[in-house]
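These notes are about the structure you will find just below.
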Amino acid sequence: MERYQKSRALLERARGSLTGGVSSPFRAKMTAPLYFQDARGPRLWDVDGNEYIDYTLSWGPLILGQRHPALVEAMRQAADRPHTYGAQHELEIEVAEKFQRAVPCAERVCFTSSGSEAVQLALRLARAATGRNLILRFEGHYHGWLDSVLISYRASLDQMGPLDHPHKVPGSKGQTPESLASVVVCDWNDLGAVERAFAEHPGQIAAVITEPVLCNSGSLMPRAGFLEGLRRVTAAHGALLIFDEVITGFRMALGGAQQYFGVTPDVATFGKAVAGGVTLSAIAGRRDVMELIMTGGVAFGGTFNGNPLSLAAANATLDELAKGDGAALRHANQMGLKLMEGVRCAARDCGIPVQVTGFGACFHIHFTELPALRNYRDTHQDNKPRLEQYLREALDEGLWLLPEGRIYVSAAHTEREVEETLGIIRRIFARLA
Ligand SMILES: Cc1ncc(COP(=O)(O)O)c(C=O)c1O
């Protein structure tokens with residue numbers, strides 16, 4: 001029987017009713033026509049009964065793996081209590097206090113339903129706090145799909161223009177052209193470029209927003225001193241520094257990238273892992289900035305913000321992650337580092353040029369001849385046909401991977417998954433060589 005027979009039939013059916021988004025032909029087009037029916041811990045089963053080790057973790061949230069018992073129990077209890085009040089309740093405070101204990105910048109916290117919304121709030125707060133309009137953002141960074149930030153994210157080399165003055169490339173048809181006018185685009189990992197942008201737009205830049213690790217375009221690490229430099233330059237120019245920790249938050253370390261690198265932004269956005277796979281995002285930041293919400297005239301809302309079901313999941317997730325002084329994240333990152341090293345060894349043994357970048361619990365395999373990758377433009381040197389062949393073969397061998405080479409590792413992955421995975425990757429690399 002064909003390995004993806006039932007999945008292919010479902011894909012045909014989906015074409016008759018669904019468009020766009022993750023649970024649809026859009027997703028299927030990216031890797032394979034795959035439909036799932038079950039998942040537990042770090043493993044998934046598709047409708048044809050094929051088993052996979054999961055390195056997508058639903059694009060990041062499943063930091064404890066699927067159906068962690070503590071999360072399941074918290075959700076069971078929450079299901080038996082009121083599902084939403086549209087008003088305050090104690091769990092909001094409890095989860096916000098856990099943020100404060102873990103995250104250096106979290107003097108105040110507020111909850112949203114998606115990372116995209118959290119980013120919009122952060123930008124609005126920055127503009128309100130500074131009375132300025134421009135947001136400086138970097139090439140290749142993803143901050144959600146909304147008009148104001150979906151700029152120069154997946155731009156092609158011929159669209160991007162000169163490195164010292166990149167073009168602003170819209171990310172979607174139908175996007176308001178005015179959104180481009182409120183943004184300055186810079187090369188990432190180059191402090192000189194940021195200093196130049198501030199000099200060219202004196203008194204106009206409200207904030208610099210950055211993924212502290214460029215997870216969305218190759219899991220590239222910041223150069224030594226770059227984040228510190230951003231902190232210094234933004235402070236000197238009276239602009240805010242926003243870390244978009246939607247991926248790094250509750251993954252890189254309990255206190256996010258800001259704790260890992262020892263650089264505290266004014267505001268940070270969180271999402272994905274915060275509720276272990278349940279819908280919740282958040283923003284955290286300086287008290288004077290955050291308190292502009294309502295009392296400072298900054299409007300913000302959302303019907304499901306801070307709903308008890310999501311917060312019960314966050315409460316359980318943050319408790320699990322805090323145990324043993326962050327043991328779960330240490331484990332996830334350790335497993336990831338083993339995988340990274342194993343992939344490098346396999347590539348060396350097979351003579352395949354590869355760079356493995358990232359930080360353990362989120363990393364990236366680049367089939368590239370480059371000796372190192374610094375920015376988004378460098379990722380365009382990746383050998384795409386080789387990546388696609390690797391992804392196809394990995395799927396057939398039981399690895400469920402993201403379509404661009406990124407790998408997420410959870411606290412549920414064990415030495416067994418690591419060994420099994422490296423065995424598969426070694427076999428694939430030997431065939432690719
Ligand atoms: C760094 C970053 N910021 C923001 C977002 C948007 O979050 P959401 O998909 O929850 O809207 C994402 C989503 O992948 C992200 O990776």
Side-chain angles (χ1 to χ4, degrees), residues 20-24 26-27 30 55-63 103 110-126 135 137-154 171-172 175 179 183 188 207-222 227 230 241-252 256-258 260-261 265 267-285 300 302 304-307 310 313-314 317 358-359 361-364 376 379 402-408:
V22 164
S23 59
S24 72
F26 172 73
R27 179 74 175 91
M30 288 193 289
Y55 289 106
T56 78
L57 303 179
S58 186
W59 295 80
L62 298 164
I63 191 67
V103 177
C110 116
F111 299 108
T112 66
S113 294
S114 71
S116 297
E117 291 169 82
V119 167
Q120 298 318 298
L121 178 57
L123 302 186
R124 185 175 282 183
L125 283 169
I135 302 295
R137 55 147 300 140
F138 296 103
E139 279 185 332
H141 289 231
Y142 182 65
H143 301 297
W145 65 277
L146 300 184
D147 282 9
S148 58
V149 282
L150 195 62
I151 296 164
S152 300
Y153 162 51
R154 277 276 168 267
S172 174
Q175 195 168 0
S179 50
V183 163
W188 189 65
V208 172
I209 184 166
T210 185
E211 291 186 61
V213 175
L214 181 41
C215 299
N216 278 297
S217 292
S219 304
L220 307 183
M221 297 296 273
L227 296 177
L230 288 184
L241 178 60
I242 302 170
F243 277 3
D244 185 345
E245 298 233 38
V246 165
I247 292 178
T248 49
F250 304 104
R251 168 167 293 281
M252 193 169 197
Q258 55 192 275
Y260 183 95
F261 292 112
V267 169
T269 51
F270 294 84
K272 297 196 189 272
V274 62
V278 176
T279 316
L280 186 74
S281 294
I283 111 162
F300 164 65
F304 291 110
N305 289 349
N307 74 81
S310 296
T317 302
F359 59 87
C362 175
F363 69 91
H364 206 103
Y376 170 62
T379 66
L402 288 170
E404 18 76 293
R406 191 184 339 166
I407 289 189
Y408 283 121

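Note that these values count all heavy atoms, side chains included, but never hydrogens, waters or copies made by symmetry. Ligands are counted one by one from 1 in listed order, and the atoms in each one are counted from 1 as well.
The backbone N or O of S58 sits less than 3.5 Å from a side-chain atom of T56, completing a donor-acceptor pair. Without hydrogens or angle criteria, R137 side chain to V149 main chain gives a donor-acceptor distance under 3.5 Å. The backbone N or O of S217 lies less than 3.5 Å from no partner atom in the side chain of E404, so there is not a single donor-acceptor pair. Side-chain atoms of R251 never come within 3.5 Å of backbone atoms of A273 as a donor-acceptor pair (strictly under, hydrogens ignored).
The closest approach between K272 and ligand 1 falls below 4.0 Å for a heavy atom of the residue.
Only the side chain of N216 comes within 4.0 Å of ligand 1, counting heavy atoms alone; its backbone N, CA, C and O stay farther away. The backbone and the side chain of Y142 each have at least one atom closer than 4.0 Å to an atom of ligand 1 (non-hydrogen atoms only).
With hydrogens left out, the protein atom closest to atom 8 (P) of ligand 1 is G115 N, 3.4 Å, a heavy atom. Ranking the protein heavy atoms by distance from atom 3 (N) of ligand 1 puts D244 OD2, 2.6 Å first. Among protein heavy atoms, the minimum distance from atom 9 (O) of ligand 1 is reached at S116 OG, 4.5 Å.
For the 3.5 Å distance criterion, the side chains of S281 and E117 fail to qualify, holding no donor opposite an acceptor.
Of the listed options T248, T279, V246, V246 places a heavy atom closest to atom 15 (C) of ligand 1.
F138 and W188 have perpendicular rings, their planes meeting at more than 60° on a 0 to 90° scale where under 30° would count as parallel.
Per-residue contacts place S114 under 4.0 angstrom from the following atoms of ligand 1 (heavy atoms of the residue considered): 10 (O), 11 (O). Numbered from 1 in the order shown, with element, the atoms of ligand 1 that lie under 4.0 Å from a heavy atom of I247 read 16 (O). Proximity to G144 (heavy-atom distance under 4.0 Å) selects the following atoms of ligand 1: 4 (C), 5 (C), 6 (C).
In this structure the side chain of Q175 reaches within 4.5 angstrom of the side chain of I151, judged on heavy atoms.
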